[in-house]
Amino acid sequence: MPKSGIYIHMPFCKVKCMYCDFYSVADKDEAIPTFFKALIKEIEICETDTRDWIIDTIFIGGGTPSLMTPYQLESLIKALDKKFELTHVSEFTLEANPGEAPLERLKSFRALGVNRISLGVQSLQKSLLQFLTRIHDPEDVFKTFDTARQAGFENINCDLIFSIPNQTMKIWESDLKRILDLGPEHMSCYSLTVEKGTQLYQYVNRGKVKMPNDDQSAAYYRWAQSTMADYGYRQYEISNWSKPKLECNHNFHYWEIDPYLAFGPSAHGFDGKSRFSNINDLDSYINKLVKGDSPLQHIEKLTRKNYTNELIGFGLRINKGINLENISDEFRPKFDQKIVDLQYKWGKYLIKKGNRLRLTKEGYIFADAIAVDLLL
């Protein structure tokens with residue numbers, strides 16, 4: 001029986017961040033009650049057969065899920081529990097923004113079963129937060145972290161971004177150490193990327209913003225790797241570190257190509273055979289469900305080749321690497337030959353041991369390029 005998860009996308013934000021390419025809407029809080037009615041309807045009409053799944057994680061992302069009320073979360077949990085077998089759920093994550101998660105609300109979330117909070121810190125510098133169009137202050141980070149602890153959360157993740165224009169190595173070192181001194185159980189550190197369709201993409205295209213070069217980005221990343229290790233965090237994925245046995249199990253469902261359900265506008269899911277995605281417009285999503293129609297916009301059945309390429313691409317991201325036993329006899333000879341042929345280029349960044357192929361710590365910096373070369 002495959003382990004699996006449930007992802008819920010709540011697209012509401014106070015402000016749309018200029019770098020974010022996840023679907024979200026700003027200043028539409030009045031639509032949240034109607035959205036929840038549609039969301040519950042989507043759960044009720046879900047036809048995916050999960051009888052052979054072990055659902056062990058729930059992740060509510062966004063957007064800013066901490067904007068929901070305890071009553072709305074309770075109604076969502078009841079709908080999920082009525083439809084699916086949730087007795088195996090051991091990790092229940094909710095994303096929150098600093099300054100937008102008051103104590104009583106977090107206490108209520110904890111009482112309802114949420115046991116992991118993910119805080120979008122991003123930076124501790126006012127000027128960089130303003131550049132990123134984040135609306136919280138550095139002080140909000142420490143207050144919200146403390147509030148989460150008071151509410152009973154013993155598993156907190158903090159997100160940080162590096163390679164921000166005007167960010168220096170000194171700033172990056174200071175920010176990361178200050179967050180690590182708080183003692184979160186999990187850390188996610190991402191390089192700021194320029195995604196099409198974002199305001200940042202437009203700024204870069206027009207020459208209004210100049211991004212740090214690859215060498216600078218690699219220096220930030222190497223320093224993060226070294227510092228995390230000094231603080232006792234184990235890197236288990238390209239952008240993720242945790243204290244022992246506190247990895248994000250939900251994300252492993254993505255990286256290990258497990259099935260998972262997904263609800264909400266723009267949400268992407270996988271039933272074990274096909275990938276599917278919902279319409280990425282709030283009004284259209286609500287209108288379809290009001291009529292009793294599915295909000296699915298795209299379904300793609302994975303070919304054996306595409307499935308194998310996903311095993312390779314996602315497998316390289318995690319420290320366990322690619323399980324070579326999962327690559328079928330149809331593609332194994334070609335893949336083995338690729339490994340041999342690429343030794344001259346990437347050999348020093350690859351470790352093959354038993355039935356696993358993984359990257360070295362330094363190899364994580366080149367993971368995307370290595371994956372492209374290894375794909376079938």
Side-chain angles (χ1 to χ4, degrees), residues 17 19 64 66 91 93-103 105-107 109-110 114-132 134-192 212 216-251 319 361 364-365:
C17 295
Y19 60 89
T64 311
S66 57
E91 178 186 281
T93 304
L94 186 141
E95 291 183 340
N97 281 339
E100 298 180 81
L103 178 59
R105 187 178 300 172
L106 288 183
K107 282 183 176 178
F109 291 165
R110 185 70 188 88
V114 178
N115 58 14
R116 185 174 183 272
I117 289 289
S118 182
L119 290 179
V121 175
Q122 319 313 5
S123 177
L124 292 177
Q125 307 299 317
K126 282 188 177 182
S127 60
L128 297 184
L129 289 170
Q130 288 170 359
F131 171 79
L132 296 170
R134 303 290 292 182
I135 60 174
H136 68 267
D137 289 326
E139 296 78 15
D140 292 328
V141 172
F142 300 102
K143 289 178 183 176
T144 303
F145 190 95
D146 185 54
T147 296
R149 288 290 195 225
Q150 289 182 52
F153 287 96
E154 298 176 349
N155 193 351
I156 301 176
N157 168 66
C158 290
D159 287 348
L160 281 177
I161 296 177
F162 59 89
S163 290
I164 307 170
N166 297 318
Q167 183 185 41
T168 64
M169 180 62 79
K170 186 177 180 181
I171 286 173
W172 173 236
E173 291 175 3
S174 171
D175 282 3
L176 182 55
K177 283 186 173 181
R178 289 175 72 191
I179 293 300
L180 288 173
D181 285 339
L182 292 175
E185 285 66 36
H186 190 282
M187 291 289 299
S188 298
C189 295
Y190 305 97
S191 174
L192 181 63
Q216 289 173 298
S217 185
Y220 290 131
Y221 185 72
R222 289 188 184 99
W223 193 88
Q225 286 182 306
S226 173
T227 305
M228 293 285 195
D230 290 344
Y231 274 77
Y233 290 80
R234 174 174 169 267
Q235 184 172 19
Y236 69 95
E237 193 266 348
I238 287 177
S239 302
N240 289 278
W241 291 258
S242 76
K243 292 184 176 179
K245 299 182 180 180
L246 287 166
E247 300 90 347
C248 179
N249 292 319
H250 183 81
N251 284 344
N319 69 341
K361 295 290 186 184
Y364 281 146
I365 296 171

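Numbering starts at 1 and runs along the sequence shown.
- Considering only heavy atoms from C-beta on, Q122 comes within 4.5 Å of Y19 through its side chain.
- In terms of heavy atoms, G232 sits closest to P244 at O-CD, 4.3 Å.
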(request) Any chance you could lay out the side chain to side chain contact (heavy atoms under 4.5 Å, CB included) test for L180 and M228, step after step, and finish with the verdict? (result) CA-CA 8 Å; L180 288 173; M228 293 285 195; 3.9 Å; yes
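- For the atom pair OG1 (T93) and CG (N157), the distance works out to 8.5 Å, reported to the nearest 0.5 Å.
- For Q130 (side chain) and S127 (main-chain N/O), no donor-acceptor pair under 3.5 Å exists by modelled atom type.
- For the pair P212/L192, no side-chain contact is recorded, criterion being any heavy-atom separation below 4.5 Å from C-beta on.
- The shortest distance between side-chain heavy atoms of R134 and S123 does not fall below 4.5 Å.
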(request) Run the numbers on N166 and F131 for side chain to side chain contact (heavy atoms under 4.5 Å, CB included), then give the verdict. (result) CA-CA 10 Å; N166 297 318; F131 171 79; 5.8 Å; no
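- A salt bridge links E185 with R149: the closest approach of a Lys/Arg side-chain nitrogen to an acidic carboxylate oxygen falls below 4.0 angstrom.
- Residue Q216 holds its CD atom at 10.5 Å from OG of S191, rounded to the nearest 0.5 Å.
- Aromatic ring orientation, W172 versus F162: tilted (interplanar angle from 30° to 60°).
- Between L132 and I164, some side-chain heavy-atom pair lies under the 4.5 Å cut-off.
- With contacts defined as side-chain heavy-atom distances shorter than 4.5 Å, the pair E237/C248 does not qualify.
- In this structure, E95 contributes its side chain and L119 its backbone to no donor-acceptor pair below 3.5 Å.
- Between S188 and L160, the closest side-chain pair of non-hydrogen atoms is not below 4.5 Å.
- With rounding to the nearest 0.5 Å, the separation of OG in S226 from OH in Y221 is 12.5 Å.
- Annotation for E154: atom CD does not count as buried by contact number, only 12 or fewer foreign heavy atoms lying within 6.0 Å.
- Between F145 and V121, every side-chain heavy-atom pair lies at or beyond the 4.5 Å cut-off.
- Checked by atom type and distance alone, the side chain of S118 never pairs as donor or acceptor with a backbone atom of L94 at under 3.5 Å.
- Tested against M187 for a side chain to side chain contact (heavy atoms under 4.5 Å, CB included), the candidates L176, I156, N240 yield a single pass: L176.
- Looking at every heavy atom in both residues, N97 comes nearest to S66 through N-OG, 3.7 Å.
- In this structure, the side chains of R116 and L246 stay at 4.5 Å or more apart for every pair of heavy atoms.
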(request) Could you walk me through whether L129 and L124 pass the side chain to side chain contact (heavy atoms under 4.5 Å, CB included) test, one step at a time? (result) CA-CA 7 Å; L129 289 170; L124 292 177; over 6 Å; no
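- Put simply, the side chain of Q225 gets close to the backbone of K361: a donor and an acceptor are under 3.5 Å apart.
- Across I117 and V114, no two heavy atoms sit closer than the pair CD1-CG1, 4.4 Å.
- Under the 3.5 Å distance criterion, the side-chain polar atoms of T147 are matched with a main-chain donor or acceptor of K143.
- Looking at every heavy atom in both residues, H186 comes nearest to Y233 through N-CE2, 4.4 Å.
- Put simply, CD on E91 and CD on E247 are 9.5 Å apart, with the number rounded to the nearest 0.5 Å.
- Between the side chain of Q235 and the backbone N or O of I238 there is at least one donor-acceptor pair closer than 3.5 Å.
- At distances below 3.5 Å, at least one donor-acceptor pair connects side-chain atoms of T227 with backbone N or O atoms of W223.
- Distance NZ/K170 to OG/S174: 8.5 Å, rounded to 0.5 Å.
- Using modelled atom types and a 3.5 Å distance limit, the side chains of N251 and N249 yield no donor-acceptor pair.
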(request) Output, in order, the C-alpha distance, side-chain angles, deciding distance and verdict of side chain to side chain contact (heavy atoms under 4.5 Å, CB included) for C189 and W241. (result) CA-CA 8 Å; C189 295; W241 291 258; 3.7 Å; yes
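- Annotation for A151 and L103: closest pair N-CD1, 3.9 Å, computed over non-hydrogen atoms.
- In this structure, CD1 on I179 lies 5.0 Å from CZ on F142, to the nearest 0.5 angstrom.
- Side-chain contact, Q167 with Q125: no donor N or O sits under 3.5 Å from an acceptor N or O.
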